[in-house]
Amino acid sequence: MVAITFVAVDGLEQRIDATDGLSLMENAVAGGIDAIEAICGGNAYCGTCRVHVDPAWRAVTGEITEIEEPMIEASGDTDPGVRLSCQITVTPELEGLLVRTPASQS
Ligand code: FES
């Protein structure tokens, strides 16, 4: 299990024990993170699974991928740490990861 913390706009912190090999979105939904709606089921079409990766973790989670770009652009989310959580695969290296969920998903 990989410990990951989600921080809501109101400051509420929720820690989940994520399963590696699944996406961050799948783990968030399974872990009851309400701000991750994931309407499209992980196909990078809805933008309702966005997270803002804490600056300390951006090198580990990586850059926005080509698949994510159109949806992130359409969302108007300009946070420097924005990613689609459905496109981040949980690995043991993400132990301790901290992400924030955007106001538009609260
Ligand atoms: S679940 Fe829809 S874009 Fe990630």
Side-chain angles (χ1 to χ4, degrees):
M1 294 306 229
V2 182
I4 296 177
T5 301
F6 289 79
V7 184
V9 168
D10 64 4
L12 176 73
E13 290 191 15
Q14 282 179 276
R15 200 191 96 153
I16 64 167
D17 290 319
T19 303
D20 78 274
L22 297 181
S23 73
L24 182 57
M25 175 279 280
E26 290 170 306
N27 275 294
V29 170
I33 306 296
D34 291 341
I36 303 297
E37 287 184 83
I39 293 167
C40 77
N43 291 308
Y45 289 150
C46 71
T48 62
C49 69
R50 280 176 291 122
V51 292
H52 297 160
V53 178
D54 189 70
W57 284 95
R58 289 178 196 159
V60 184
T61 55
E63 300 291 319
I64 295 169
T65 64
E66 239 175 79
I67 295 170
E68 291 169 75
E69 263 174 27
M71 202 61 247
I72 288 176
E73 234 178 86
S75 75
D77 192 332
T78 56
D79 187 280
V82 66
R83 292 289 310 273
L84 297 179
S85 63
C86 65
Q87 303 303 311
I88 297 174
T89 302
V90 171
T91 62
E93 289 71 38
L94 295 185
E95 172 69 29
L97 173 69
L98 188 141
V99 297
R100 294 182 165 75
T101 50
S104 57
Q105 289 169 208
S106 61

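No hydrogens, no waters, no symmetry mates; every other heavy atom, side chains included, goes into these values. Predicted, not measured: the structure shown is a model, and the values here were computed from it. Residues take their numbers from the sequence shown, with the count starting at 1. Every number for a ligand or one of its atoms is a count from 1 in the order of the listing.
More than 12 heavy-atom neighbours from other residues, nucleotides or ligands sit within 6.0 angstrom of CD on E95. When the shell of 6.0 Å around CD1 of I67 is examined, it contains 12 or fewer heavy atoms from other residues, nucleotides or ligands.
When S23, C46, A38 are checked for heavy-atom proximity to atom 2 (Fe) of ligand 1, C46 turns out nearest.
Between the side chain of S23 and the backbone N or O of I88, no donor-acceptor pair lies under 3.5 Å.
Residue contact check: A44 has heavy atoms under 4.0 Å from atoms 3 (S) of ligand 1. For ligand 1, the atoms closer than 4.0 angstrom to any heavy atom of G42 are 1 (S). Listed by atom number, the atoms of ligand 1 under 4.0 Å from C40 heavy atoms are 1 (S), 2 (Fe), 3 (S). Short contacts between ligand 1 and Y45, defined as distances under 4.0 Å to a heavy atom of the residue, involve ligand atoms 3 (S).
Looking only at side-chain heavy atoms (C-beta outward), T19 and N27 come within less than 4.5 Å of each other.
The hydrophobic clustering, which links ILVMFWY residues whose side-chain heavy atoms are closer than 4.5 Å, places M71 and M25 apart.
Among the backbone and side-chain atoms of C86, an N/O/S atom is found under 2.8 Å from atom 4 (Fe) of ligand 1. Backbone or side-chain N, O or S atoms of C49 reach atom 4 (Fe) of ligand 1 at under 2.8 Å.
Between the OG1 atom of T91 and the CG atom of L22 there is a distance of 12.0 Å, given to the nearest 0.5 Å.
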